[in-house]
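In what follows, chains carry the letters A, B, and so on, assigned in the order in which the sequence lines appear, proteins first and then strands, with residues in each chain numbered from 1.
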There are 2 protein chains.
Amino acid sequence: MTSHNEYVDILHKSGFKATAQRIEILSILSQSQTHPTAEEVYHEARKKFPTISAATVYKTIQTLKEAGRVQQLAFYGGKARFEANVEPHINLICLTCGRIQDLFDMRVNEFIKQFSGGSGFKVESQRIDFYGTCKQCREQAGFQ
Amino acid sequence: MTSHNEYVDILHKSGFKATAQRIEILSILSQSQTHPTAEEVYHEARKKFPTISAATVYKTIQTLKEAGRVQQLAFYGGKARFEANVEPHINLICLTCGRIQDLFDMRVNEFIKQFSGGSGFKVESQRIDFYGTCKQCREQAGFQ
DNA sequence: CTACATGCAAAGCATTTGCATAGCC
DNA sequence: GGCTATGCAAATGCTTTGCATGTAG
């Protein structure tokens, strides 16, 4: 259950003040499935806080990143994208429609475990992106 | 064998003119193990072509990316990094010393194959980053 | 009450673009 | 020789920073 109080706890445990703006940004990132850009978070947050500034969004995301609560994904195109899902997963990036979907699968954990330590490299976090064509786009194109 | 003529061929086959600057940039990216930034490529290229501009480096890298000859990796920190290794592999990124090493392993290909098609998503290219601590840094820290 | 967060504006940088000149094919 | 590439400078756009004001703890 994701609730207001849970966001407050997360912020406090990470040593930050639980301001209304931070709670809103954390909430947006936690509930989003679309790996939003900072600009998208900013526009969403403005619905509740019309005076919030982009600087606050950037500073808050920076804070959440340092606390390990948000992952930053830099893609082609310059804009950084963010997600609050820090569990191992695959980002499926459709080159046709641009959508990014998370894929959770036990085999991802096993795959990572295989390489952790074996080569002398200790894995602490990871990022796996698959670029290709999603199901919907393939169906629309007649599986060409 | 990577040679001058091979770089010329690559450029011609991709439909581009084989200028001395492009050959140099392709050579730098092909021989580098360090996933250089555009700025690093620029400084390296200036050794041979003191008048080369950053714009030419960016335009050439863009060209090589479109031809599938160079992969762009956007990391934390804003600067994009580039590599000419387009075969499936894992980027081992050491959070202590900042070095990025390529890890080639058959299990990577098998891992990708598992997910291609199964979920309806057709994988065309991929990027796998492992963040952690490399062997050297762990040894220096006494395996803490 | 005090230290930290917000929000505004301005600055910082990586990257892109426009255009005249130069060079490959 | 024609068409594409180079290189300079200026522009663009994302992100960061400085600072005065506001607010959580």
Side-chain angles (χ1 to χ4, degrees), chain A residues 4-5 7-26 28-29 35-43 45-67 69-70 72-82, chain B residues 4-5 7-29 35-67 69-70 72-82:
Chain A
H4 180 276
N5 286 338
Y7 298 136
V8 174
D9 278 359
I10 287 171
L11 290 165
H12 283 172
K13 277 176 189 158
S14 303
F16 306 118
K17 288 187 182 170
T19 64
Q21 290 91 331
R22 282 182 176 166
I23 291 161
E24 177 63 11
I25 290 166
L26 183 52
I28 289 167
L29 284 170
H35 304 64
T37 61
E39 196 194 353
E40 285 161 2
V41 173
Y42 170 62
H43 280 302
R46 274 180 86 90
K47 292 180 186 170
K48 210 173 243 177
F49 298 93
T51 64
I52 199 172
S53 69
T56 298
V57 172
Y58 278 105
K59 285 172 186 166
T60 299
I61 289 176
Q62 184 67 32
T63 299
L64 293 169
K65 261 167 56 189
E66 282 165 12
R69 286 291 166 181
V70 162
Q72 176 171 356
L73 302 174
F75 291 109
Y76 304 102
K79 287 187 195 173
R81 290 181 171 272
F82 305 93
Chain B
H4 179 278
N5 287 337
Y7 298 138
V8 174
D9 279 357
I10 287 171
L11 289 166
H12 283 174
K13 276 176 189 159
S14 304
F16 306 117
K17 287 187 183 171
T19 64
Q21 291 92 330
R22 281 182 177 165
I23 291 163
E24 178 62 11
I25 290 166
L26 182 53
S27 164
I28 290 167
L29 285 170
H35 303 65
T37 62
E39 197 194 353
E40 285 160 2
V41 174
Y42 171 62
H43 280 301
E44 188 64 27
R46 274 180 86 91
K47 291 179 186 171
K48 210 172 242 175
F49 298 93
T51 64
I52 198 171
S53 70
T56 298
V57 172
Y58 278 106
K59 284 171 186 167
T60 299
I61 289 175
Q62 184 67 32
T63 298
L64 293 169
K65 262 167 56 188
E66 283 163 14
R69 287 290 165 183
V70 162
Q72 176 171 357
L73 302 174
F75 290 110
Y76 304 99
K79 287 188 195 173
R81 290 182 171 272
F82 304 93

**Report entry** Spacing of B/F16 atom CZ relative to C/dC25 atom C1', expressed in whole Å
**Finding:** 16 Å
Requested in this report: Indicate whether OP1 or OP2 belonging to D/dT6 is found under 4.0 Å from a side-chain N or O atom of B/T19.
Outcome: yes
Query - Of the listed nucleotides D/dT6, D/dT15, D/dT16, the one nearest the side chain of A/Q62 - result: D/dT16
Report summary line: In whole angstroms, the gap separating P of D/dT23 from CZ of A/F49 amounts to 12 Å
Query raised in the report: Rounded to the nearest Å, what distance is computed from the CZ atom of residue A/R81 to the C1' atom of nucleotide D/dT15?
Result: 16 Å
Query raised in the report: So, for B/F49 and B/Q21, which heavy atoms are closest and what is the spacing to 0.1 Å?
Result: CZ-N, 4.2 Å
Report summary line: Output for pair (B/R46 CZ, B/E24 CD), nearest 0.5 Å, gives 13.0 Å
Query raised in the report: Is the shortest side-chain N/O distance from B/H12 to OP1 or OP2 of C/dC25 below 4.0 Å?
Result: yes
**Report entry** Given D/dG18, D/dT15, C/dC19, the nucleotide with the shortest approach to the side chain of A/Y58
**Finding:** D/dT15
Query - Interatomic distance, B/I25 CD1 vs D/dG7 C1' [rounded to whole Å] - result: 12 Å
Report summary line: Sorted by position of nearest nucleotide on DNA chain D, 5' first, the leading residue of B/T63 and A/F82 is B/T63
Requested in this report: Indicate the atoms forming the closest heavy-atom contact of B/Y42 with B/S53, along with that distance.
Outcome: CE1-C, 3.6 Å
Report task. On DNA chain C, check which nucleotide each of B/T37 and B/V8 is closest to and give me the residue with the more 5' one. Result -> B/T37
Query raised in the report: Which is true for A/A18 with a 4.0 Å heavy-atom rule: it touches a base, it touches only sugar-phosphate, or it touches nothing?
Result: sugar-phosphate
**Report entry** Interatomic distance, A/D9 CG vs D/dG25 C1' [rounded to whole Å]
**Finding:** 15 Å
Query raised in the report: Contact class for B/T51 (heavy atom, under 4.0 Å): base, sugar-phosphate, or nothing?
Result: sugar-phosphate
Query raised in the report: Does A/T56 put a side-chain nitrogen or oxygen below 4.0 Å from OP1 or OP2 of C/dG7?
Result: yes
Report task. Determine the sole option in A/T63, A/L64, A/T19 for which the side-chain contact (heavy atoms from CB on, under 4.5 Å) test with A/L11 is passed. Result -> A/L64
Report summary line: Comparing B/E39 with A/G15, nearest DNA chain C nucleotide closer to 5' gives the residue A/G15
Query - Nearest-angstrom distance from the residue atom CG of A/L26 to P of C/dA5 - result: 15 Å
Query - Rounded distance (Å) that lies between atom P of C/dT15 and atom OH of B/Y42 - result: 14 Å
Requested in this report: Ignoring the backbone of B/A38, work out which of C/dC8, C/dT15, D/dG7 is nearest its side chain.
Outcome: C/dT15
Query raised in the report: Taking the side chain of A/A80 as its heavy atoms from C-beta onward, which of C/dA5, D/dT15, D/dT6 lies nearest to it?
Result: D/dT15
Report task. Taking only the side-chain nitrogens and oxygens of B/R22, find out if one of them lies under 4.0 Å from OP1 or OP2 of D/dT4. Result -> no
Requested in this report: Verify the contact: side-chain N or O of A/Q21 to OP1 or OP2 of D/dT23, cut-off strictly under 4.0 Å; return yes or no.
Outcome: no
**Report entry** B/I61 side, atom CD1; B/R22 side, atom CZ - distance, nearest 0.5 Å
**Finding:** 12.5 Å
Report summary line: Which of D/dC3, C/dT16, C/dG7 is nearest the side chain of B/K17? It is D/dC3
Requested in this report: Measure the distance from CD on B/E66 to P on D/dT4 and round it to the nearest whole Å.
Outcome: 15 Å
Report summary line: When every non-hydrogen atom of A/L29 is compared with those of A/P36, the smallest separation belongs to CD2-CG, 3.9 Å
